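Residue numbers count from 1 along this sequence. FYI, side chains are in, hydrogens and waters are out, and symmetry mates aren't considered; it's all heavy atoms of this structure. Since the structure is predicted, the reported quantities are computational estimates derived from the model, not experimental observations.
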Amino acid sequence: QVQLVESGGGSVQAGGSLRLSCAASGYIDSDSFMGWFRQAPGKEREGVAAIFIYDGSTWYPGSVKGRFIIAHDNATNTLYLQMNGLKPEDSGMYYCAATKPGFGGRILSPDLYDYWGQGTQVTVSS
């Protein structure tokens, strides 16, 4: 069974940076995707970054492209999200997630991810 535990959230002023970590236990196949998602109060959960474990290919929505960087350390099975140039609209609960192997579909859609962490809160003040 895969378990995901996020850390690194906190409060920061606009323009600042944070790095989130997600420690994964259990086997995650290299033919899987891992991603970061966020959810603000009253809003739907949205994907902010995804990575294909096999070759490190990455995906970002336009709202964070150029500011966020997702990375995966194969040796420690840890997922990271480096967030720079943070804006108040980046605030929310951030979740780490992983798919089972053989995933197909919209890579940033939360509906297609199988394993989820409990989340870590990010608050950006103006």
ask   = Do any N or O atoms from the side chain of Thr120 and from the backbone of Tyr94 form a donor-acceptor pair under 3.5 angstrom?
value = no
message = For Gln121, I'd like to know if atom CD has over 12 heavy atoms of other residues, nucleotides or ligands within 6.0 Å.
response = yes
query = Is Ile107 reachable from Tyr60 through a run of I, L, V, M, F, W or Y residues, each pair having side-chain heavy atoms under 4.5 Å apart?
reply = no
Electrostatic pair Asp90-Arg67, nearest N-O below 4.0 angstrom = yes
Close side-chain approach of Ile70 to Leu79, heavy-atom, < 4.5 Å = yes
key: Partners passing side-chain contact (heavy atoms from CB on, under 4.5 Å) against Glu89 (at least two apart in sequence or in another chain)   = Lys87
query = Side chains of Phe68 and Val48: closer than 4.5 Å at any heavy-atom pair?
reply = yes
task = Side-chain contact test, heavy atoms from C-beta onward, threshold under 4.5 Å: evaluate it for Val124 versus Gln13 and give yes or no.
result = no
key: Leu20 reachable from Val5 in the ILVMFWY side-chain graph, under 4.5 Å edges   = no
query = Nearest heavy-atom pair of Gly47 and Pro61: which atoms, and what distance?
reply = O-CG, 3.4 Å
Gap between atom CE of Met93 and atom CD of Gln118 - 0.5 Å precision = 9.5 Å
ask   = Is there a path of hydrophobic side-chain contacts, each under 4.5 Å between heavy atoms of I, L, V, M, F, W or Y residues, that connects Leu4 with Leu108?
value = no
inquiry  = As a quick check of understanding, evaluate side chain to side chain contact (heavy atoms under 4.5 Å, CB included) for Thr58 and Ile69, giving each step before the final call.
reply    = CA-CA 9 Å; Thr58 58; Ile69 301 171; over 6 Å; no
ask   = Looking only at atom types and distance, does a side-chain atom of Glu6 sit under 3.5 Å from a main-chain N or O of Cys22, one as donor and one as acceptor?
value = no
Atom pairs and distances, donor-acceptor, side-chain atoms in residues 24-31, under 3.5 Å, two or more places apart:
from: Tyr27; atom 1: OH; to: Asp29; atom 2: OD2; distance (Å): 3.2
from: Asp29; atom 1: OD1; to: Asp31; atom 2: N; distance (Å): 2.7
from: Asp31; atom 1: OD2; to: Gly102; atom 2: N; distance (Å): 3.2

Residues in side chain to side chain donor-acceptor pair (under 3.5 Å) contact with Arg19, at least two apart in sequence or another chain = none
query = Ser17 and Gln82: which non-hydrogen atoms are nearest, and at how many Å?
reply = CB-NE2, 3.9 Å
inquiry  = Between Tyr113 and Phe37 (judged by ring centroids, cut-off 6.0 Å), do the two rings come close enough to count as a pair?
reply    = yes
key: Minimum heavy-atom distance between Ser126 and Pro88, given as atom pair plus value   = CB-CG, 3.9 Å
inquiry  = Is it the case that the ring center of Phe52 lies less than 6.0 angstrom away from the ring center of Trp59?
reply    = no
message = Do Tyr115 and Leu112 sit in one hydrophobic cluster, given that two such residues count as connected whenever their side-chain heavy atoms are within less than 4.5 Å of each other, even indirectly?
response = no
key: Six-ring centre of Tyr95, Arg45 cation under 6.0 angstrom, axis tolerance 45°   = yes
task = Hey, could you give me the NE2/CD1 distance between His72 and Ile51, rounded to the nearest 0.5 Å?
result = 7.5 Å
request  = Side-chain contact test, heavy atoms from C-beta onward, threshold under 4.5 Å: evaluate it for Ser32 versus Lys100 and give yes or no.
outcome  = no
task = Treating Ile, Leu, Val, Met, Phe, Trp and Tyr as nodes and any side-chain heavy-atom pair under 4.5 angstrom as an edge, say whether Val64 and Phe33 lie in one connected cluster.
result = no
ask   = Considering only heavy atoms from C-beta outward, does the side chain of Val12 approach that of Thr123 to under 4.5 Å?
value = no
key: Check: Tyr80 main-chain N/O paired with Trp36 side-chain donor or acceptor under 3.5 Å   = yes
query = So, do Arg106 and Asp111 sit near enough that their side-chain heavy atoms are less than 4.5 Å apart?
reply = no
query = Do Glu44 and Gln39 have side-chain heavy atoms sitting under 4.5 Å apart?
reply = no
task = For Asp73 and Thr78, test the side chains for any donor-to-acceptor distance below 3.5 angstrom and give the result as yes or no.
result = no
Close side-chain approach of Arg38 to Val122, heavy-atom, < 4.5 Å = no
